[in-house]
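Presented below is the structure to which this report refers.
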Amino acid sequence: MPELPEVEVVRTGLQRWVSGRTIRRVDVLHPRAIRRHSEGPGDFSARLTGASIPYVSRRGKYLWFPLASEGHQGPAEQALMGHLGMSGQLLIVSASAPPHRHLRVRMAFEETDQELHFVDQRTFGGLHITALVDDGAGGLLPDAAAHIARDPLDPLFDEAEFIRRTRLRDVEIKRLLLDQTLASGIGNIYADEALWRARLHGRRLGSSLRRADVAVLLQAVREVMSEALAQGGTSFDELYVNVNGESGYFDRSLEAYGQAGLPCSRCGAQIRREAFMNRSSFWCPSCQRAPRRRPSVRG
DNA sequence: CATAGATCCTGTATGC
DNA sequence: TGCATACAGGATCTAT
C-alpha cells in the first residue's frame, strides 16, 4: 500500500498497537525480505529480540520502529526500518490463525497472542535495522532515509526549495513528483491525480513550469493526499489494506488514475492512458494540455 | 553530470 | 484448456 496516505494509515494502526510492546521472537521466512540487512537473518532476529518499541514513525513511504533496550536511557539509537514496496503489508494477526501465503517475517511480542506479520507478494518491500541520526530539526531519522525529502503535508516541508529544484530540471514533471529526494510520499496514483487537479500534463518539463504552476501542483498534491488519508487510502484489492486487513475507499474518488476511456468529470473528454516507466499514466487530453514533443538530440 | 530506460519479483487478467 | 503477453501501488541501478 505504497503511497503516503496508505503508509500513514498503516503507521497509525501500528502506533496504536505496538507502542510500548517488547519483541519476544522474530522469524525470517524469506531472506529476500531482509536483503538490506547485510548481517543476515540471525543477526536481524538477535538484535530485535528483547527490544521494545516506544513509537512508530514515518518519512515519505518509509516506516520505522525505534528500538529501545532494557537499561538504556535516552533516545533510541537504532530502528527497525520498513518499506512496503509494491505489495508489502504489516498486519496484526492472531498467532493461531493460518499463516498468509506470502508471510515473509513474523514478530511475536511479550504479553499478547497477537503477532506482527510482514506479508509481501512481490518482495520489493523489506525490513532492516539501521542507525538513527539527527534529522536537523530536533528529531531522529534512520540513516537509510537520510536522502528522502519531507512530504508535502509535513509542516517542515520546504516548498520554496521544491519549486526551485523542480524548475532547474529538464525532466518530466511526473517523474519529478515520483522523485522521493525532492518531495516524498507521492507515487503513481497520487501523481496522476494531482496533475489532473492542477491541469498540468505529466510530460511537461520541470524547467517549463512557472513558480505558480508548481505551487498549484503542490497544493493539489496536498489536497488529494489529505482526502485519501481521510478515506483510509486507496485499495483496489486485498493487497492494499490496513493493519487489520481492511481496505480504504479512495479508489471511488479517483478522477484520472485507472480511468482510461471514461469521461473526464470536468470536461467530458475521454481519459487517456500511456506507458510510463513500465507502468501507466492517465490524463485528460483536454484539461491537461500536452507539451510539444521534445526535439530529438539529433534534430 | 544528467537523463531515460531497465530491472528486481509474483501474481492476475486477457487474448489467441 | 493451455500458453503467451501485458500489467501492477516502488526504488534504484545502468547505459548513454
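Within every chain, numbering begins at 1; the chains are lettered A, B, ... in the order of the sequence lines, protein sequences first and strands thereafter.
Applying the ring-ring contact (aromatic ring centres under 6.0 Å, His included) rule to A/His117 yields no partners; only residues at least two apart in sequence or on another chain are considered. A search for salt bridge (Lys or Arg N to Asp or Glu O under 4.0 Å) contacts involving A/Arg25 returns A/Asp27, not counting sequence neighbours. Contacts of A/Tyr190 classified as ring-ring contact (aromatic ring centres under 6.0 Å, His included), with partners at least two apart in sequence or in another chain: none. Applying the ring-ring contact (aromatic ring centres under 6.0 Å, His included) test to A/Trp196 and every residue at least two apart in sequence or in another chain returns nothing. With sequence neighbours left out, the ring-ring contact (aromatic ring centres under 6.0 Å, His included) criterion links A/Tyr62 to A/His83. For A/Asp143, the salt bridge (Lys or Arg N to Asp or Glu O under 4.0 Å) test picks out no residue, with sequence neighbours left out. The salt bridge (Lys or Arg N to Asp or Glu O under 4.0 Å) search around A/Asp251 returns none, not counting sequence neighbours.
The listed nucleotides are C/dT12, B/dC8, C/dG9; the one nearest the side chain of A/Phe124 is B/dC8. Relative to the side chain of A/Tyr62, the nucleotides B/dT3, C/dG9, C/dA11 differ in distance, and C/dA11 lies closest.
In the displayed structure, A/Arg32 atom CZ is contacted under 6.0 Å by more than 12 heavy atoms of other residues, nucleotides or ligands. Within 6.0 Å of atom CZ in A/Arg21, more than 12 heavy atoms from other residues, nucleotides or ligands are found, so the atom counts as buried in its surroundings.
Within residues 191-202 of chain A, no residue places a heavy atom under 4.0 Å from DNA chain C. Sorted by residue number, the list of members of residues 127-135 of chain A with any non-hydrogen atom under 4.0 Å from DNA chain C is empty.
Distance CZ (A/Arg35) to P (C/dG10): 15 Å, rounded to an integer number of Å. Remark: P of C/dG9 and CD of A/Gln89 are 16 Å apart, rounded to the nearest angstrom.
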Task: Watson-Crick and G-U pairing of DNA chain B, under 3.5 Å, as dot-bracket with | and [ ] - done: .|||||||.|||||||
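A/Asp151 pairs in a side-chain contact (heavy atoms from CB on, under 4.5 Å) with only one of the listed residues (A/Val7, A/Leu4, A/Leu156), which is A/Leu4.
Between A/His83 and C/dA11 there is a side-chain N or O to OP1 or OP2 distance below 4.0 Å. Taking side-chain N and O atoms only, A/His147 has a distance below 4.0 Å to OP1 or OP2 of C/dT12. Dashed line: the shortest gap from a side-chain N or O of A/Gln180 to OP1 or OP2 of C/dA11 is under 4.0 Å. Listed pair A/Arg101 / B/dG11 meets the phosphate criterion, a side-chain N or O lying under 4.0 Å from OP1 or OP2.
Contact annotation: side chain of A/Arg169 to base of B/dA2, donor-acceptor pair absent below 3.5 Å.
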Under 3.5 Å, which donor-acceptor pairs link side chains of residues 106-114 of chain A to any protein atom two or more places apart or in another chain?
residue  : atom : partner  : partner atom : Å
A/Arg106 : NE   : A/Glu115 : OE1          : 3.1
A/Arg106 : NH2  : A/Glu115 : OE1          : 2.9
A/Thr112 : OG1  : A/Gln114 : N            : 3.0

Close N or O pairs between protein and nucleotides 4-8 of chain C (under 3.5 Å):
residue : atom : partner  : partner atom : Å
C/dC7   : OP1  : A/Arg273 : NH2          : 3.1
C/dA8   : OP1  : A/Ser280 : OG           : 2.5
C/dA8   : OP2  : A/Ser280 : OG           : 3.3
C/dA8   : N3   : A/Arg122 : NH1          : 3.3

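Distance alone, capped at 3.5 Å, places no donor-acceptor pair between the A/Gln89 side chain and the A/Asp120 backbone.
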TODO: Check the pair A/Arg252, A/Gln231 against side-chain hydrogen bond (donor to acceptor under 3.5 Å, both in side chains), reporting the backbone distance first and the verdict last.
DONE: CA-CA 10 Å; A/Arg252 300 172 202 170; A/Gln231 309 241 10; over 6 Å; no
